[in-house]
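These notes are about the structure you will find just below.
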Amino acid sequence: MSLIVITNADHLVRMDDRREEIADGAIAFRHGVIEAVGRTEDCAALIEQADTVIDARGCVVTPGLVNTHHHLFQSLTRALPGAINAPLFGWLKRLYPIWAQYRPEDVFAATQLGLAELALSGCTLTSDHLYLFPDGVTLDDTIAAAQGIGIRFHATRGSMSVGESAGGLPPDSLVEDEAAILNDTIRVIDRFHDHKDGAMVRVAVAPCSPFSVSQGLMRDAALLARDKGVMLHTHLAEDADDVAFSLERFGCRPGEYAESLGWTGPDVWHAHCVQLNPAEIDLFARTRTGVAHCPCSNCRLGAGIAPLKAMFEQGVPLGLGVDGSASNDSGNLLLEARQALLLQRALAGPAAFDPRDALFVATRGGAEMLGRSDCGSLEPGSRADIAIWDMADIGSVGAWDKVAALVLSPPVGVRDLFVEGRAVVRDGALVQARRRDILRAADRSLARLKSLV
(Lines give C-alpha, C1' and ligand atoms only; values in the text may rest on other atoms or scores of the structure.)
Protein backbone atom coordinates (compact mmCIF):
# COMPACT_ATOMS: atom_id res chain seq x y z
CA MET A 1 0.00 0.00 0.00
CA SER A 2 1.28 3.48 -0.86
CA LEU A 3 2.44 6.09 1.64
CA ILE A 4 -0.25 8.71 2.29
CA VAL A 5 0.39 11.91 4.23
CA ILE A 6 -2.29 14.31 5.42
CA THR A 7 -0.84 17.80 5.87
CA ASN A 8 -1.71 21.31 7.07
CA ALA A 9 -4.58 20.30 9.37
CA ASP A 10 -5.67 23.30 11.43
CA HIS A 11 -5.93 20.91 14.37
CA LEU A 12 -4.98 17.25 14.62
CA VAL A 13 -6.70 15.61 17.61
CA ARG A 14 -4.62 12.61 18.63
CA MET A 15 -6.81 11.20 21.43
CA ASP A 16 -3.67 9.75 22.98
CA ASP A 17 -3.15 9.46 26.74
CA ARG A 18 -2.25 13.15 26.96
CA ARG A 19 -5.16 14.22 24.74
CA GLU A 20 -2.66 16.14 22.60
CA GLU A 21 -3.88 18.47 19.86
CA ILE A 22 -1.42 19.57 17.18
CA ALA A 23 -1.77 22.82 15.25
CA ASP A 24 -0.78 22.63 11.57
CA GLY A 25 -0.77 18.87 11.99
CA ALA A 26 0.29 16.06 9.69
CA ILE A 27 -0.16 12.31 9.79
CA ALA A 28 1.50 9.64 7.64
CA PHE A 29 0.24 6.10 7.15
CA ARG A 30 0.97 3.02 5.06
CA HIS A 31 -0.22 -0.62 5.02
CA GLY A 32 -3.14 0.38 7.23
CA VAL A 33 -0.92 1.63 10.07
CA ILE A 34 0.01 5.13 11.20
CA GLU A 35 3.75 5.76 10.86
CA ALA A 36 4.14 9.35 12.08
CA VAL A 37 2.15 12.18 13.64
CA GLY A 38 3.40 15.72 14.18
CA ARG A 39 3.53 19.22 12.80
CA THR A 40 3.57 19.51 9.04
CA GLU A 41 7.06 20.98 9.04
CA ASP A 42 8.33 18.04 11.10
CA CYS A 43 7.04 15.57 8.50
CA ALA A 44 8.82 17.16 5.53
CA ALA A 45 10.86 14.06 4.71
CA LEU A 46 7.76 11.82 4.67
CA ILE A 47 5.90 14.35 2.55
CA GLU A 48 8.73 14.18 0.01
CA GLN A 49 8.45 10.37 -0.12
CA ALA A 50 4.65 10.24 -0.17
CA ASP A 51 2.70 8.70 -3.02
CA THR A 52 -0.31 10.82 -2.06
CA VAL A 53 -0.44 14.11 -0.13
CA ILE A 54 -3.82 15.32 1.13
CA ASP A 55 -4.17 18.98 2.09
CA ALA A 56 -6.32 19.39 5.23
CA ARG A 57 -6.08 23.16 5.45
CA GLY A 58 -9.19 24.53 7.18
CA CYS A 59 -9.92 21.09 8.64
CA VAL A 60 -9.82 19.23 11.93
CA VAL A 61 -8.43 15.69 11.79
CA THR A 62 -9.59 13.14 14.37
CA PRO A 63 -9.68 9.39 14.83
CA GLY A 64 -12.70 7.91 13.09
CA LEU A 65 -15.88 7.84 15.14
CA VAL A 66 -16.97 4.60 16.81
CA ASN A 67 -20.60 3.52 17.04
CA THR A 68 -21.09 1.02 19.85
CA HIS A 69 -24.78 0.15 19.42
CA HIS A 70 -26.99 -0.11 16.35
CA HIS A 71 -29.72 -2.22 14.76
CA LEU A 72 -28.96 -1.64 11.11
CA PHE A 73 -31.87 -3.76 9.89
CA GLN A 74 -34.19 -1.05 11.25
CA SER A 75 -33.03 1.50 8.67
CA LEU A 76 -36.08 0.66 6.51
CA THR A 77 -38.61 1.39 9.27
CA ARG A 78 -37.87 5.00 10.22
CA ALA A 79 -40.68 7.37 11.21
CA LEU A 80 -43.25 4.58 11.13
CA PRO A 81 -46.85 5.70 11.80
CA GLY A 82 -48.12 4.16 15.01
CA ALA A 83 -44.62 3.98 16.48
CA ILE A 84 -43.64 7.65 16.32
CA ASN A 85 -45.11 8.56 19.71
CA ALA A 86 -44.96 5.15 21.41
CA PRO A 87 -42.83 4.15 24.42
CA LEU A 88 -40.28 1.36 24.12
CA PHE A 89 -42.54 -1.66 24.63
CA GLY A 90 -45.37 -0.25 22.49
CA TRP A 91 -42.89 0.79 19.81
CA LEU A 92 -41.48 -2.75 19.65
CA LYS A 93 -44.94 -4.32 19.39
CA ARG A 94 -45.77 -2.03 16.47
CA LEU A 95 -42.57 -2.94 14.63
CA TYR A 96 -42.23 -6.67 15.29
CA PRO A 97 -44.87 -7.66 12.67
CA ILE A 98 -43.08 -5.65 9.97
CA TRP A 99 -39.64 -6.99 10.85
CA ALA A 100 -41.13 -10.51 10.72
CA GLN A 101 -41.59 -9.97 6.95
CA TYR A 102 -37.89 -9.35 6.27
CA ARG A 103 -35.95 -11.46 3.82
CA PRO A 104 -32.13 -11.67 3.49
CA GLU A 105 -32.09 -9.06 0.72
CA ASP A 106 -34.00 -6.63 2.95
CA VAL A 107 -31.50 -7.01 5.77
CA PHE A 108 -28.64 -6.53 3.31
CA ALA A 109 -30.23 -3.38 1.85
CA ALA A 110 -31.08 -1.90 5.25
CA THR A 111 -27.60 -2.62 6.57
CA GLN A 112 -25.87 -0.97 3.63
CA LEU A 113 -28.16 2.04 3.91
CA GLY A 114 -27.36 2.48 7.60
CA LEU A 115 -23.64 1.88 7.10
CA ALA A 116 -23.48 4.44 4.29
CA GLU A 117 -25.11 6.97 6.59
CA LEU A 118 -22.57 6.20 9.30
CA ALA A 119 -19.60 6.41 6.95
CA LEU A 120 -20.70 9.73 5.49
CA SER A 121 -20.94 11.10 9.02
CA GLY A 122 -17.40 10.01 9.96
CA CYS A 123 -17.79 6.54 11.49
CA THR A 124 -14.98 4.03 10.91
CA LEU A 125 -16.11 1.26 13.31
CA THR A 126 -19.62 0.17 14.18
CA SER A 127 -21.27 -2.54 16.20
CA ASP A 128 -24.53 -4.02 14.96
CA HIS A 129 -27.09 -5.95 17.00
CA LEU A 130 -29.17 -8.27 14.80
CA TYR A 131 -31.56 -10.22 17.00
CA LEU A 132 -34.27 -11.57 14.68
CA PHE A 133 -33.84 -14.00 11.81
CA PRO A 134 -37.02 -14.47 9.76
CA ASP A 135 -37.22 -16.22 6.40
CA GLY A 136 -33.61 -17.36 6.07
CA VAL A 137 -31.93 -14.20 7.39
CA THR A 138 -28.48 -14.82 8.89
CA LEU A 139 -25.74 -12.70 10.38
CA ASP A 140 -23.82 -13.38 7.18
CA ASP A 141 -26.14 -10.93 5.36
CA THR A 142 -25.03 -8.00 7.49
CA ILE A 143 -21.35 -8.91 7.29
CA ALA A 144 -21.53 -9.05 3.49
CA ALA A 145 -23.19 -5.63 3.49
CA ALA A 146 -20.44 -4.15 5.67
CA GLN A 147 -17.70 -5.49 3.43
CA GLY A 148 -19.23 -3.54 0.56
CA ILE A 149 -19.03 -0.20 2.41
CA GLY A 150 -15.55 -0.58 3.91
CA ILE A 151 -15.86 0.26 7.61
CA ARG A 152 -14.92 -2.00 10.51
CA PHE A 153 -17.84 -4.15 11.63
CA HIS A 154 -18.53 -5.72 15.01
CA ALA A 155 -21.45 -8.00 14.22
CA THR A 156 -23.31 -9.31 17.26
CA ARG A 157 -25.34 -12.50 17.00
CA GLY A 158 -28.50 -11.48 18.81
CA SER A 159 -31.43 -13.68 19.71
CA MET A 160 -34.91 -13.85 21.20
CA SER A 161 -36.14 -17.06 22.80
CA VAL A 162 -39.05 -16.07 25.07
CA GLY A 163 -42.19 -15.11 23.16
CA GLU A 164 -45.54 -13.73 24.26
CA SER A 165 -46.95 -17.11 25.22
CA ALA A 166 -44.11 -17.55 27.74
CA GLY A 167 -44.38 -14.05 29.21
CA GLY A 168 -41.92 -12.31 26.89
CA LEU A 169 -42.48 -9.32 24.65
CA PRO A 170 -41.83 -10.56 21.07
CA PRO A 171 -44.39 -12.60 19.13
CA ASP A 172 -43.80 -16.33 19.20
CA SER A 173 -43.12 -16.32 15.45
CA LEU A 174 -39.90 -14.38 15.98
CA VAL A 175 -38.31 -16.44 18.75
CA GLU A 176 -35.78 -19.22 18.16
CA ASP A 177 -34.93 -22.50 19.81
CA GLU A 178 -32.11 -21.90 22.30
CA ALA A 179 -29.97 -24.81 21.15
CA ALA A 180 -30.23 -23.54 17.57
CA ILE A 181 -29.25 -20.04 18.74
CA LEU A 182 -26.11 -21.31 20.44
CA ASN A 183 -25.16 -23.54 17.51
CA ASP A 184 -25.49 -20.71 14.99
CA THR A 185 -23.56 -18.38 17.29
CA ILE A 186 -20.68 -20.86 17.30
CA ARG A 187 -20.91 -21.09 13.50
CA VAL A 188 -20.62 -17.33 12.89
CA ILE A 189 -17.82 -16.89 15.44
CA ASP A 190 -15.82 -19.71 13.87
CA ARG A 191 -16.43 -18.40 10.36
CA PHE A 192 -16.05 -14.64 10.77
CA HIS A 193 -14.45 -13.53 14.04
CA ASP A 194 -10.95 -12.10 13.63
CA HIS A 195 -9.13 -11.49 16.91
CA LYS A 196 -6.05 -9.89 15.34
CA ASP A 197 -5.14 -6.18 15.37
CA GLY A 198 -6.56 -4.49 12.31
CA ALA A 199 -9.53 -6.88 12.15
CA MET A 200 -12.29 -5.69 9.86
CA VAL A 201 -14.87 -8.13 11.28
CA ARG A 202 -15.42 -9.30 14.82
CA VAL A 203 -18.37 -11.17 16.29
CA ALA A 204 -19.93 -10.84 19.74
CA VAL A 205 -22.64 -12.81 21.55
CA ALA A 206 -25.78 -10.75 22.14
CA PRO A 207 -29.07 -12.13 23.50
CA CYS A 208 -31.49 -9.29 22.88
CA SER A 209 -32.72 -8.31 26.33
CA PRO A 210 -33.87 -9.66 29.70
CA PHE A 211 -37.48 -9.47 28.50
CA SER A 212 -36.95 -11.57 25.37
CA VAL A 213 -34.57 -14.37 26.41
CA SER A 214 -34.41 -16.84 29.28
CA GLN A 215 -32.05 -16.78 32.23
CA GLY A 216 -30.61 -20.04 30.95
CA LEU A 217 -29.76 -18.54 27.57
CA MET A 218 -28.14 -15.53 29.24
CA ARG A 219 -25.92 -17.84 31.31
CA ASP A 220 -25.11 -20.12 28.39
CA ALA A 221 -24.31 -17.13 26.18
CA ALA A 222 -21.82 -15.82 28.73
CA LEU A 223 -20.15 -19.22 29.01
CA LEU A 224 -19.98 -19.57 25.22
CA ALA A 225 -18.52 -16.09 24.72
CA ARG A 226 -15.79 -16.66 27.26
CA ASP A 227 -14.97 -20.06 25.85
CA LYS A 228 -14.58 -18.46 22.40
CA GLY A 229 -12.81 -15.33 23.66
CA VAL A 230 -15.39 -12.89 22.27
CA MET A 231 -17.40 -10.09 23.86
CA LEU A 232 -20.95 -9.97 25.24
CA HIS A 233 -23.66 -7.41 24.50
CA THR A 234 -27.31 -6.82 25.40
CA HIS A 235 -29.85 -4.13 26.31
CA LEU A 236 -30.14 -3.19 29.97
CA ALA A 237 -32.16 -0.76 32.11
CA GLU A 238 -33.38 1.15 29.06
CA ASP A 239 -36.48 2.70 30.63
CA ALA A 240 -38.76 2.50 33.67
CA ASP A 241 -40.77 -0.39 32.18
CA ASP A 242 -37.53 -2.33 31.74
CA VAL A 243 -36.67 -1.89 35.43
CA ALA A 244 -40.23 -2.77 36.52
CA PHE A 245 -40.09 -5.95 34.42
CA SER A 246 -36.81 -6.96 36.08
CA LEU A 247 -38.14 -6.35 39.58
CA GLU A 248 -41.35 -8.27 38.91
CA ARG A 249 -39.87 -11.15 36.90
CA PHE A 250 -36.50 -11.63 38.59
CA GLY A 251 -36.91 -9.92 41.96
CA CYS A 252 -33.92 -7.63 41.47
CA ARG A 253 -32.74 -4.59 39.55
CA PRO A 254 -31.19 -4.95 36.08
CA GLY A 255 -27.61 -4.49 37.27
CA GLU A 256 -28.02 -7.18 39.91
CA TYR A 257 -29.60 -9.47 37.34
CA ALA A 258 -26.69 -8.96 34.96
CA GLU A 259 -24.13 -9.65 37.67
CA SER A 260 -25.90 -12.83 38.80
CA LEU A 261 -25.68 -14.28 35.29
CA GLY A 262 -22.04 -13.43 34.62
CA TRP A 263 -22.83 -10.35 32.57
CA THR A 264 -20.33 -7.94 34.11
CA GLY A 265 -16.65 -7.48 33.29
CA PRO A 266 -14.39 -5.84 30.69
CA ASP A 267 -15.68 -8.20 27.99
CA VAL A 268 -19.27 -6.96 28.43
CA TRP A 269 -20.98 -3.83 27.20
CA HIS A 270 -24.64 -2.99 27.75
CA ALA A 271 -26.77 -0.67 25.64
CA HIS A 272 -28.60 2.32 27.18
CA CYS A 273 -28.43 1.88 30.98
CA VAL A 274 -30.63 4.96 31.34
CA GLN A 275 -32.05 3.79 34.66
CA LEU A 276 -28.88 2.63 36.47
CA ASN A 277 -28.81 3.65 40.12
CA PRO A 278 -25.64 4.64 42.04
CA ALA A 279 -24.98 1.08 43.23
CA GLU A 280 -25.18 -0.23 39.66
CA ILE A 281 -22.87 2.52 38.40
CA ASP A 282 -20.38 1.55 41.09
CA LEU A 283 -20.70 -2.11 40.05
CA PHE A 284 -19.98 -1.27 36.43
CA ALA A 285 -17.03 0.95 37.33
CA ARG A 286 -15.48 -1.73 39.59
CA THR A 287 -15.94 -4.51 37.07
CA ARG A 288 -15.07 -2.39 33.99
CA THR A 289 -18.44 -3.21 32.43
CA GLY A 290 -19.13 -0.96 29.44
CA VAL A 291 -22.14 1.17 28.52
CA ALA A 292 -23.20 2.23 25.02
CA HIS A 293 -24.88 5.59 25.60
CA CYS A 294 -27.63 6.35 23.05
CA PRO A 295 -28.97 9.82 23.93
CA CYS A 296 -31.03 10.55 20.81
CA SER A 297 -32.84 7.21 20.94
CA ASN A 298 -33.45 7.60 24.66
CA CYS A 299 -35.01 11.01 24.01
CA ARG A 300 -36.97 9.75 21.00
CA LEU A 301 -38.58 6.96 23.07
CA GLY A 302 -38.97 9.08 26.20
CA ALA A 303 -36.81 6.64 28.14
CA GLY A 304 -35.09 9.33 30.21
CA ILE A 305 -31.59 10.76 30.50
CA ALA A 306 -28.79 8.35 31.32
CA PRO A 307 -26.44 9.29 34.20
CA LEU A 308 -23.56 9.86 31.80
CA LYS A 309 -21.74 12.40 33.95
CA ALA A 310 -21.68 10.05 36.96
CA MET A 311 -20.59 7.10 34.84
CA PHE A 312 -17.84 9.13 33.15
CA GLU A 313 -16.50 10.52 36.44
CA GLN A 314 -16.48 7.09 38.09
CA GLY A 315 -14.63 5.46 35.20
CA VAL A 316 -17.32 3.29 33.63
CA PRO A 317 -16.11 2.39 30.11
CA LEU A 318 -18.28 4.44 27.75
CA GLY A 319 -19.06 4.66 24.06
CA LEU A 320 -21.77 6.33 22.01
CA GLY A 321 -24.43 4.56 19.99
CA VAL A 322 -26.93 5.83 17.47
CA ASP A 323 -29.18 2.82 18.22
CA GLY A 324 -31.63 1.58 15.62
CA SER A 325 -32.71 3.88 12.84
CA ALA A 326 -36.30 3.22 13.84
CA SER A 327 -35.79 4.49 17.39
CA ASN A 328 -33.53 7.39 16.46
CA ASP A 329 -34.47 8.00 12.82
CA SER A 330 -30.92 9.25 12.23
CA GLY A 331 -27.45 7.74 12.33
CA ASN A 332 -24.99 10.58 12.91
CA LEU A 333 -22.50 10.11 15.74
CA LEU A 334 -21.49 13.77 16.01
CA LEU A 335 -25.13 14.57 16.66
CA GLU A 336 -25.10 11.88 19.38
CA ALA A 337 -22.05 13.52 20.95
CA ARG A 338 -23.79 16.89 20.87
CA GLN A 339 -26.98 15.47 22.36
CA ALA A 340 -25.03 13.69 25.08
CA LEU A 341 -23.35 16.94 26.08
CA LEU A 342 -26.54 19.00 25.99
CA LEU A 343 -28.56 16.56 28.08
CA GLN A 344 -25.95 16.41 30.84
CA ARG A 345 -25.81 20.21 30.90
CA ALA A 346 -29.60 20.41 31.04
CA LEU A 347 -29.46 18.26 34.16
CA ALA A 348 -26.38 19.62 35.93
CA GLY A 349 -25.37 22.98 34.47
CA PRO A 350 -23.08 24.33 31.75
CA ALA A 351 -19.90 22.76 33.13
CA ALA A 352 -21.39 19.28 33.50
CA PHE A 353 -19.85 17.85 30.34
CA ASP A 354 -17.13 19.18 28.05
CA PRO A 355 -17.16 18.94 24.23
CA ARG A 356 -13.75 17.27 24.22
CA ASP A 357 -14.97 14.64 26.66
CA ALA A 358 -17.92 13.96 24.37
CA LEU A 359 -15.52 13.62 21.44
CA PHE A 360 -13.35 11.23 23.47
CA VAL A 361 -16.36 9.00 24.20
CA ALA A 362 -17.24 9.09 20.48
CA THR A 363 -13.75 7.91 19.44
CA ARG A 364 -11.22 6.33 21.76
CA GLY A 365 -13.73 5.61 24.51
CA GLY A 366 -15.90 3.54 22.21
CA ALA A 367 -12.94 1.77 20.63
CA GLU A 368 -11.51 0.77 24.01
CA MET A 369 -14.91 -0.41 25.23
CA LEU A 370 -15.15 -2.71 22.19
CA GLY A 371 -11.72 -4.14 22.98
CA ARG A 372 -10.01 -2.26 20.14
CA SER A 373 -6.80 -0.90 21.62
CA ASP A 374 -5.51 -0.75 18.03
CA CYS A 375 -8.07 1.91 17.07
CA GLY A 376 -9.42 5.18 18.42
CA SER A 377 -6.25 7.28 18.62
CA LEU A 378 -3.83 8.86 16.15
CA GLU A 379 -0.38 7.66 17.14
CA PRO A 380 2.34 5.58 15.50
CA GLY A 381 1.38 1.92 15.47
CA SER A 382 -2.36 2.53 15.60
CA ARG A 383 -4.57 1.58 12.69
CA ALA A 384 -5.11 4.30 10.12
CA ASP A 385 -8.79 5.05 10.86
CA ILE A 386 -8.89 8.80 10.22
CA ALA A 387 -11.61 11.43 9.73
CA ILE A 388 -11.01 14.82 8.08
CA TRP A 389 -13.63 17.42 8.94
CA ASP A 390 -14.00 20.57 6.83
CA MET A 391 -14.66 23.40 9.29
CA ALA A 392 -14.72 26.06 6.58
CA ASP A 393 -18.32 25.45 5.53
CA ILE A 394 -21.50 27.25 6.55
CA GLY A 395 -22.41 25.09 9.55
CA SER A 396 -19.05 25.52 11.30
CA VAL A 397 -17.59 28.84 10.13
CA GLY A 398 -17.42 31.34 12.97
CA ALA A 399 -16.12 28.80 15.47
CA TRP A 400 -13.07 30.01 17.37
CA ASP A 401 -12.37 26.65 19.00
CA LYS A 402 -12.70 24.28 16.07
CA VAL A 403 -12.24 21.12 18.12
CA ALA A 404 -15.08 22.04 20.46
CA ALA A 405 -17.06 23.06 17.38
CA LEU A 406 -17.04 19.47 16.11
CA VAL A 407 -19.55 18.82 18.88
CA LEU A 408 -21.14 22.25 19.33
CA SER A 409 -21.53 23.22 15.65
CA PRO A 410 -20.72 20.03 13.74
CA PRO A 411 -20.23 19.90 9.98
CA VAL A 412 -22.96 18.20 7.99
CA GLY A 413 -20.68 15.27 7.17
CA VAL A 414 -17.10 14.14 6.96
CA ARG A 415 -14.93 15.38 4.08
CA ASP A 416 -12.59 12.38 3.90
CA LEU A 417 -12.60 9.10 5.78
CA PHE A 418 -9.97 6.36 5.88
CA VAL A 419 -10.36 2.90 7.39
CA GLU A 420 -7.27 0.69 7.60
CA GLY A 421 -5.63 3.32 5.41
CA ARG A 422 -8.16 2.86 2.61
CA ALA A 423 -10.43 5.69 1.48
CA VAL A 424 -14.09 5.12 2.35
CA VAL A 425 -15.25 8.72 1.81
CA ARG A 426 -13.51 11.34 -0.36
CA ASP A 427 -14.85 14.87 -0.78
CA GLY A 428 -18.08 13.85 0.94
CA ALA A 429 -18.81 10.92 -1.39
CA LEU A 430 -18.63 7.17 -0.85
CA VAL A 431 -15.64 5.51 -2.50
CA GLN A 432 -16.17 1.75 -2.18
CA ALA A 433 -19.92 1.66 -2.82
CA ARG A 434 -22.28 3.53 -5.10
CA ARG A 435 -24.91 5.72 -3.47
CA ARG A 436 -27.34 5.02 -6.33
CA ASP A 437 -27.14 1.25 -5.87
CA ILE A 438 -27.69 1.53 -2.10
CA LEU A 439 -30.76 3.72 -2.55
CA ARG A 440 -32.25 1.51 -5.27
CA ALA A 441 -31.94 -1.61 -3.13
CA ALA A 442 -33.45 0.19 -0.13
CA ASP A 443 -36.35 1.46 -2.23
CA ARG A 444 -37.10 -2.04 -3.56
CA SER A 445 -37.21 -3.55 -0.09
CA LEU A 446 -39.21 -0.65 1.31
CA ALA A 447 -41.83 -0.95 -1.42
CA ARG A 448 -42.22 -4.68 -0.75
CA LEU A 449 -42.54 -4.21 3.02
CA LYS A 450 -45.12 -1.44 2.59
CA SER A 451 -47.16 -3.67 0.29
CA LEU A 452 -47.49 -6.23 3.09
CA VAL A 453 -48.86 -3.88 5.74
Side-chain angles (χ1 to χ4, degrees), residues 13-16 19 32 34 60-72 114-129 146 149-156 194 197-204 206 231 233 266-272 290-297 308 311-312 316-323 328 330-341 355-379 382-389 406-407 410 413-414 417-420 424-425:
V13 182
R14 294 187 63 179
M15 284 301 171
D16 58 352
R19 300 271 200 104
I34 296 170
V60 174
V61 175
T62 70
L65 306 181
V66 178
N67 179 33
T68 62
H69 183 64
H70 209 323
H71 307 291
L72 285 158
L115 288 171
E117 182 181 18
L118 286 171
L120 290 167
S121 58
C123 179
T124 53
L125 165 60
T126 187
S127 169
D128 181 44
H129 192 182
I149 300 295
I151 70 175
R152 295 190 199 278
F153 195 58
H154 279 221
T156 73
D194 183 355
D197 283 356
M200 293 299 293
V201 177
R202 287 189 178 174
V203 177
M231 295 189 71
H233 183 52
D267 57 350
V268 180
W269 85 103
H270 295 286
H272 302 296
V291 171
H293 176 49
C294 307
C296 290
S297 172
L308 180 66
M311 291 191 286
F312 186 80
V316 174
L318 291 167
L320 288 179
V322 301
D323 200 13
N328 184 338
S330 178
N332 186 311
L333 272 165
L334 279 185
L335 296 184
E336 295 296 331
R338 188 174 192 272
Q339 187 82 341
L341 174 142
R356 283 172 168 79
D357 290 337
L359 191 60
F360 176 87
V361 175
T363 54
R364 183 171 173 178
E368 289 182 341
M369 191 181 76
L370 294 179
R372 297 304 299 256
S373 59
D374 57 333
C375 304
S377 64
L378 302 181
E379 44 194 329
S382 292
R383 313 312 294 191
D385 292 4
I386 303 165
I388 303 177
W389 307 94
L406 275 176
V407 175
V414 72
L417 190 72
F418 295 88
V419 179
E420 193 68 4
V424 173
V425 176

Validation row: His154, Asn67 side chains within 4.5 angstrom (heavy atoms): no
Beyond-backbone contact of Thr62 with Met15, side-chain heavy atoms, under 4.5 angstrom: no
Beyond-backbone contact of Met200 with Phe153, side-chain heavy atoms, under 4.5 angstrom: no
Option passing ring-ring contact (aromatic ring centres under 6.0 Å, His included) with His129 (candidates His233, His270, His70): His233
side-chain contact (heavy atoms from CB on, under 4.5 Å) between Met369 and Val316, worked out: CA-CA 9 Å; Met369 191 181 76; Val316 174; over 6 Å; no
Taking every non-hydrogen atom, the tightest pair across Leu417 and Cys123: CD2-O, 3.3 Å
Main-chain N/O of Ala199 paired with Arg372 side-chain donor or acceptor, under 3.5 Å: yes
Nearest heavy-atom neighbours spanning Ser127 and Thr156: OG-CG2, 3.8 Å
Side-chain heavy-atom pair Leu65, Thr363 within 4.5 angstrom cut-off: yes
Exercise: identify the closest heavy-atom pair between Ala367 and Val66: N-CG1, 3.8 Å
Least distance between heavy atoms, Gln339 atom then Pro295 atom: CG-CB, 3.8 Å
Minimal non-hydrogen separation, Pro63 against Gly376, with atom names: CG-O, 3.4 Å
Partners passing salt bridge (charged side-chain N to carboxylate O under 4.0 Å, His left out) against Asp194 (at least two apart in sequence or in another chain): Lys196
Test item: Pro410 and Leu335 side chains (from C-beta on) under 4.5 Å apart, heavy atoms: yes
Distance in Å, Arg383 CZ paired with Cys375 SG, rounded so as to fall on 0.5 Å steps: 7.5 Å
Sidechain-backbone polar pair: Ser121 side chain, Gly413 backbone, donor-acceptor under 3.5 Å: no
Residue pair His272, His69: steps toward the side-chain contact (heavy atoms from CB on, under 4.5 Å) verdict: CA-CA 9 Å; His272 302 296; His69 183 64; 3.9 Å; yes
Gap between atom CD1 of Ile34 and atom CG of Leu378 - 0.5 Å precision: 5.0 Å
Pairwise distance CG(Leu120) to CG(Asn332) - rounded to 0.5 angstrom: 10.0 Å
Side-chain donor/acceptor of Asp128 to backbone N/O of Leu72, under 3.5 Å: yes
Under the salt bridge (charged side-chain N to carboxylate O under 4.0 Å, His left out) test, residues paired with Arg364 that sit two or more places apart: Asp17, Glu368
Side-chain heavy atoms of Asn328 within contact of Cys294, under 4.5 Å: no
Over all atoms of both residues, closest heavy-atom pair of Ala119 and Val414: O-CG1, 3.6 Å
Residue pair Val424, Thr124: steps toward the side-chain contact (heavy atoms from CB on, under 4.5 Å) verdict: CA-CA 9 Å; Val424 173; Thr124 53; over 6 Å; no
Any donor-acceptor N/O pair, Thr68 side chain to Leu320 backbone, under 3.5 Å: yes
Point-to-point distance, once rounded to the nearest 0.5 Å, from CG of Leu318 to NE2 of His293: 8.5 Å
Validation row: Trp389, Val13 side chains within 4.5 angstrom (heavy atoms): no
Ser330 backbone acceptor or donor facing Glu117 side chain under 3.5 Å: no
Working for side-chain contact (heavy atoms from CB on, under 4.5 Å), residues Val322 and Leu333: CA-CA 6 Å; Val322 301; Leu333 272 165; 4.0 Å; yes
Nearest-0.5 Å distance, OG of residue Ser373 to CG of residue Asp197: 6.0 Å
Glu420 vs Arg152 side-chain heavy atoms within contact, under 4.5 Å: yes
